[in-house]
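First the proteins, then the strands, lettered A, B, ... as listed; each starts at 1. For clarity, every value in this text was computed on a predicted model and none was experimentally measured. These numbers come from the heavy atoms of this one structure, side chains and all, not from hydrogens, waters or symmetry mates.
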Number of protein chains: 2
Amino acid sequence: MNLYSGKMNRLVEELSSLPGIGYKSAGRLADYLIRQNEERVKSLTDAITDARQNVRFCSICYTLTDSETCPICADTARDHTTIMVVEDTRDLAAYEKTGKYNGVYHVLQGAISPMMGIGPSDIKLKELIERLEKEDIKEVIIATNSSLEGETTAMYISKLIKPTGIKVSRIASGVPVGGDLENIDEITLLRALEGRIEL
Amino acid sequence: MNLYSGKMNRLVEELSSLPGIGYKSAGRLADYLIRQNEERVKSLTDAITDARQNVRFCSICYTLTDSETCPICADTARDHTTIMVVEDTRDLAAYEKTGKYNGVYHVLQGAISPMMGIGPSDIKLKELIERLEKEDIKEVIIATNSSLEGETTAMYISKLIKPTGIKVSRIASGVPVGGDLENIDEITLLRALEGRIEL
């Protein structure tokens, strides 16, 4: 499409090629950006360039960070014997937001998906097993998503770890807090039933 | 929030300050951006900087463009006696997408909104009146949004233009094509009824 002209059009095209940004949102964003002052725009483009050039995987947990070791892995106040396994850095961020988890993480950078041709060797699974061999780990909490891929990955990891004798757990599935039963899908309802806790 | 580390965090903060991008989408975007190759990222940041520095208002219709006169105003094949008045360049783009409008535009760069303290002098209204005086205009089609602000602006403009004898029209409001009546709000339904056309 070429509904805007010249440089404006190029910006809209660039923005709309980003994930989750449609043509209309790209138009809105472009309109916003060209109205900001130069420093604001420079601050954004610098942040993009800077992150692109400097962000890499933590050498221990494989989350995205700009130092050799991420702040969580470097934090001696945290419990380094408990590893929560997540699919990506956003999931780590979601648990960090709770402020209640004091262990460390392992970021798989993906999930096993036979449909998408992503196998166990395409995610940071070998690296997890190496950590379990090297470090003194008491529990691995699998917090992959509650999707088909997440469940497949969780199952695969638990089978891999169980023989080592290290405790493996999976975060609970069920009705979200504040969730109205009538709006919840059947699979979740069944999961909530299966996972019921005696009071 | 500081759920990501260092430069990644800065990028997420920058992105989430953009309109319509929440903290989660910003995380997803940042994750995507740092995985792209350098050229891809440079192409995006260049487009932003370039548009910010070069995009300005067309000297005739006030749409966003990077030349003194936008391609539509410069196009002699278009009907320069019909002006469609829109609130912003995105609305112009929406009508251009239909490919059926052959007139020119006038972009108000806003709408009258007493609630937000935006008066007639804050939008490109004086500039529209000047065009009507200078150019040979046969019809002004008011295509501001169907919101309170858009309707207020349409009414204001029509009152301003009517004494000049130039034909003023307003695009129709009604049930969107393919719209299911039960999902349409009452005001739209009443508008559709009022605007009914004899068959």
SB check B:Arg40 A:Glu14 (cutoff 4.0 Å): yes
Electrostatic pair A:Lys134-A:Glu127, nearest N-O below 4.0 angstrom: no
Short side-chain donor-acceptor distance under 3.5 Å, B:Thr153 and B:Glu87: no
Interface residue of largest heavy-atom contact number with chain B, from A:Lys24, A:Gln53, A:Lys42, under 4.5 Å: A:Gln53
Largest heavy-atom contact set with chain A, pairs under 4.5 Å, which of B:Met8, B:Arg10, B:Arg90: B:Arg90
Between B:Ser43, B:Cys58, B:Pro71, the one whose heavy-atom pairs under 4.5 Å with chain A are most numerous: B:Ser43
A:Ser25 versus chain B, the contacting section by heavy-atom distance below 4.5 Å: neither
Note: B:Arg56-B:Asp66 ion pair, threshold 4.0 Å (strictly below): no
Contact class of B:Gln36 relative to chain A, heavy atoms under 4.5 angstrom: backbone
Leading residue by heavy atom contact count with chain B [cutoff under 4.5 Å; candidates A:Gly27, A:Pro19, A:Gly20]: A:Pro19
Chain B contact via A:Ser17 - which portion, at a heavy-atom distance below 4.5 Å: both
Presence of salt bridge, A:Arg131 and A:Glu135, under 4.0 angstrom: yes
Contact leader toward chain A among B:Val55, B:Leu33, B:Val12, B:Leu44, where contacts are heavy-atom pairs under 4.5 Å: B:Leu44
Reference residue B:Thr144; test side chain to side chain contact (heavy atoms under 4.5 Å, CB included); the match among B:Asp91, B:Ile123, B:Thr152, B:Leu108: B:Leu108
B:Arg52/B:Asp50 ion pair, N-O < 4.0 Å: no
Contact leader toward chain A among B:Asn37, B:Thr49, B:Thr63, where contacts are heavy-atom pairs under 4.5 Å: B:Asn37
